[in-house]
Structure formats: C-alpha cells, structure tokens
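Shown next, in structure tokens, is the structure this report addresses.
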Protein chains: 2
Amino acid sequence: MQLSRSYIVDAALEILDTYGFADMTMRRVATQLGVAPGALYWHISNKQELVAAIAEAIIEPIGVRLATTPLSPDELCTSLREFLLHHRDGAEVVAAAMSQPQSAVRLKIFEAVTSSISEYFDTQILSPSDIEAAATGLTHLTVGAAALHQAGLQFAEATGEEFDADNEWQSQNAVRLLLAGLRMKELESQNGK
Amino acid sequence: MQLSRSYIVDAALEILDTYGFADMTMRRVATQLGVAPGALYWHISNKQELVAAIAEAIIEPIGVRLATTPLSPDELCTSLREFLLHHRDGAEVVAAAMSQPQSAVRLKIFEAVTSSISEYFDTQILSPSDIEAAATGLTHLTVGAAALHQAGLQFAEATGEEFDADNEWQSQNAVRLLLAGLRMKELESQNGK
DNA sequence: ACCTGAACACCGTTCAAGT
DNA sequence: ACCTGAACACCGTTCAAGT
C-alpha cells in the first residue's frame, strides 16, 4: 500500500487524538504507518507543514457547516470552539499553525468570520478596519480560550480533580461583548450620518 | 560563582532575546552559564517552570507601571502588548506559559486587567461574569495578536520582505470594540433599573 | 548542598543507496 | 518515483558519584 500525504495526515490525527500533541512526532507517525521516518519527507516537506495540514483538517467542518447553514458570528465562534475541542489538543494545534505567517488556517477562519459579520452587520456603514479587528479579535479570543480550556481539562484528568467548566461561557460572553461593541459602532455611524 | 534560579532566568532571557524561543533549551542555558545541563535541575524542576519564570519576567514591567500610574483597560492592553514585543518571541513564551493551568502569569495579567476594569467601569452594575469574560477576552486577544505580529516580523526579516504593521492597530481596535460592548452592557443595566 | 559525567530515551531532518 | 538504513546534530531529564 502506497504512502501518501493524506494517509500521513490521517495517521497523525489519530495519534493526536489518542496521545496528544506532544506525542505527534514524525517518528511516531512513521511507526504507525509501518514506514521509515525518512519516507514521510517524500510527501511532506517538514513538520510545520504537517501541523498546518492537521490544523486545516480540524477546522474543515466549519467550512462544510457554513456551506449549508448560514451562521451568525456568535454561532460561528461557538461552532469553531466545538470543533477545536473535538480533538485532543485541537486548540493548541490550531494556535500553533495560526501563528505561522501566511497560514492557510488563519486565513480560512478569518474569512469565515468576516463573511459571517458581513451578513449580520451593515458593511456599507462599518469601517473595514473595525470588521477586520473584530474578525481577528474573535478568532484569537476563541482559540486562546479553547486552548486554555483543554489544558485545564487535561490537568484535571491527570490530577483527578474536578474541573470548573465556566470558561465555556466566558469565551462566548467575550465574543458577545465584542459583537455588542461592533453593533454600537454601527448604530453610532448610522446616527452620525 | 554559585548558580541560582535568578542567574538561570537571566541567562535564558538573554538567549531568548538573542536567538529566539526555539534556541532557549536547557542545554544552551547550561552552556551559557558554563555548567553541566544537570546542574540546572537542582534549582529548577523542569523546563515548564523555566518558561513560566521567563514569562513572569516578561510581564513584570506591567506590575511596576501599574503601581505608579493607573491605566485604563485600553492603555493596559497596549502596555502589555508593548512589553510582549520587547523580547524576541515574548508573546509566544507568554502564550505557552499562560495555557499551563494554574499559571501565575495568566493570573497576574488577569488580575491587572480586572482591577483596571473595576476602576473604569461600575462594578456594582456590571455582572461579574461579564467582567471576567472581558478580562480573559482582552488577554487572549492581546497575546494572540502580538504572537501573530512577532511571527510576521520574523518571517519578514528572514525573507527580506517588507511587513504590514497594520495588526498593531487591529489589536487595539479589537480591544476597544470589546470595551465598547462592556460599556453598552453597563448602560443597559443602568437603564433597566 | 551543589555540581559533574554519563547515560537514557527520545527528537527532526538528510541523503546515499536500494528497488 | 518512492522508500530504507543509517547517520547527524540535537533534545529534556535522571542519577550515581564526586566535592
């Protein structure tokens, strides 16, 4: 059976879900595929690229969800959060991939959030820089809070303590505050006309 | 000359500023101090702890600044951002330390932002969960945007391209949107009384 | 108490050589 | 074209033994 990029991504994702990000090494992916470590480098140029690919796979469901149902910015962020939490260390992986410049993941999330904002706010009235700021703000917020949440979950699991899940609401609350700010700007500009 | 925790932190910070986070390894810190790698483990239990210590050193200036001058939440975030950008990969380090649960760095930033909010908003009227959400939201937002900014800077430096510094404003804009949302909540609750 | 030497169990990446 | 074997240059961490 021939090795390929998508087999590699699948194997890596499986290791991620089972053992976590720290164990998602090139060598373990290779072992899982029954192949020498060097073999991976014929299909993928380096680990960064693999991480980026995994991150895209993690957020891919938001694309298919958005294709059928239109989501408000609020709902979109909740959805994104959900998909991040759906994989072990999912938020951490996406955060790592996002802060690589020219990152495809960031662009995709950014575009999804921006288009959602455009449908629920008046683009003619709002300044583009406010929309941009809102989109990046919402993204960082959601991913950052999710990463923290997952770290807390794993810590609780490891130590056997029970876990405050109140940052579930915190994230959504912060999203709503930011969107409320955007709505206010919209109203201000409308009246200022 | 005797080794100590603070010498280790200083050496690590120097390596961070000169070569970046990836090169801030235990072994290089040891080499810089002219000591065997194992020696570090007498003073520091593991790398996580070192990273946490470095992160605290990076954000320490906000404490001293806040002790003399009171800052609005907006100003505080700009200040935080400034201090993150003051060290190579500073935002990445702080982000890494922050997502460790029970993180002292996160708590310190959180408390600073919360107290600043308390001075500029009416705590009697605003719900505590909104204040919490605002504080964590602002923190993740600022750190996330700064990390992205720094990654972009380094990429531009490496490839020799010029760099869009427009995410400087984006971060502050997002902060203002969130605070505007909080202000609106405040007004709403006032009128609803 | 504090540190060295040396090891253990790993990494990511490269590349001649094979098929 | 695609993969193996084997190496290169590293990691974090531990721990007997020294002083």
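All chains are named by letter (A, B, ...) in the order of the sequence lines, taking the proteins before the strands, and each is independently numbered beginning at 1. Just so it is clear, the model here is predicted, and its values are computed rather than measured.
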Of the listed nucleotides ([options]), which one gets closest to any side-chain atom of [X]?
X: B/Ala39; options: C/dT4, C/dT13, D/dT4; answer: C/dT4
X: A/Val35; options: C/dT13, D/dC3, C/dT4; answer: D/dC3
X: B/Met26; options: C/dT4, C/dC3, D/dT13; answer: D/dT13
X: B/Lys47; options: D/dG12, D/dT4, C/dT13; answer: D/dG12

Exercise for the section: Take atom C1' in C/dC8 and the same atom in D/dC11, then report the distance between them in whole Å. Expected result: 12 Å
Problem - Atom C1', compared across D/dC10 and C/dA9: separation rounded to whole Å - result: 13 Å
Rounded interatomic separation in angstrom, taking [atom1] from [X] and [atom2] from [N]:
X: A/Ile44; N: D/dC2; atom1: CD1; atom2: P; answer: 14 Å
X: B/Gln48; N: D/dC11; atom1: CD; atom2: C1'; answer: 16 Å
X: B/Met24; N: D/dC10; atom1: CE; atom2: P; answer: 18 Å
X: B/Leu33; N: C/dC2; atom1: CG; atom2: C1'; answer: 15 Å
X: A/Tyr41; N: D/dA6; atom1: OH; atom2: P; answer: 19 Å
X: B/Leu50; N: D/dC11; atom1: CG; atom2: P; answer: 14 Å
X: A/Leu40; N: C/dC15; atom1: CG; atom2: C1'; answer: 15 Å

Handout entry: Aromatic centroids of A/His149 and A/Phe163 separated by under 6.0 Å
Key =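 Ring centres of A/His149 and A/Phe163 closer than 6.0 Å.
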Side-chain N,O ([X]) to OP1/OP2 ([N]) below 4.0 Å:
X: A/Trp42; N: D/dC3; answer: no
X: B/His43; N: C/dA1; answer: no
X: B/Gln2; N: C/dA1; answer: no

So [Y] and [X], do their side chains get closer than 4.5 Å, heavy atoms only?
X: B/Val113; Y: B/Pro73; result: no
X: A/Ser79; Y: A/Arg65; result: yes
X: A/Tyr19; Y: A/Arg28; result: yes
X: B/Arg88; Y: B/Gln154; result: yes

Exercise for the section: Quick one: the dot-bracket string of DNA chain D, using Watson-Crick and G-U wobble pairs with both distances under 3.5 Å, [ ] for crossing pairs and | for bases paired to another strand. Expected result: ||.|||||...|||||.||
Exercise for the section: Answer yes or no: is there an ion pair linking B/Glu60 with B/Lys108, defined by an N-O contact shorter than 4.0 Å? Expected result: no
Handout entry: Most 5' of B/Arg27 and A/Arg28 on DNA chain C, judged by nearest nucleotide
Key = B/Arg27
Problem - 5' precedence on DNA chain C between A/Gly38 and A/Asp23 (nearest-nucleotide basis) - result: A/Asp23
Problem - B/Leu84-A/Val143 co-clustered via ILVMFWY side chain contacts under 4.5 Å - result: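 Yes, B/Leu84 and A/Val143 fall within the same hydrophobic cluster.
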Exercise for the section: Quick one: pull up CG in A/Leu66 and CD in A/Glu111 and give me the separation to the nearest 0.5 Å. Expected result: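 With rounding to 0.5 Å, CG (A/Leu66) is 11.5 Å from CD (A/Glu111).
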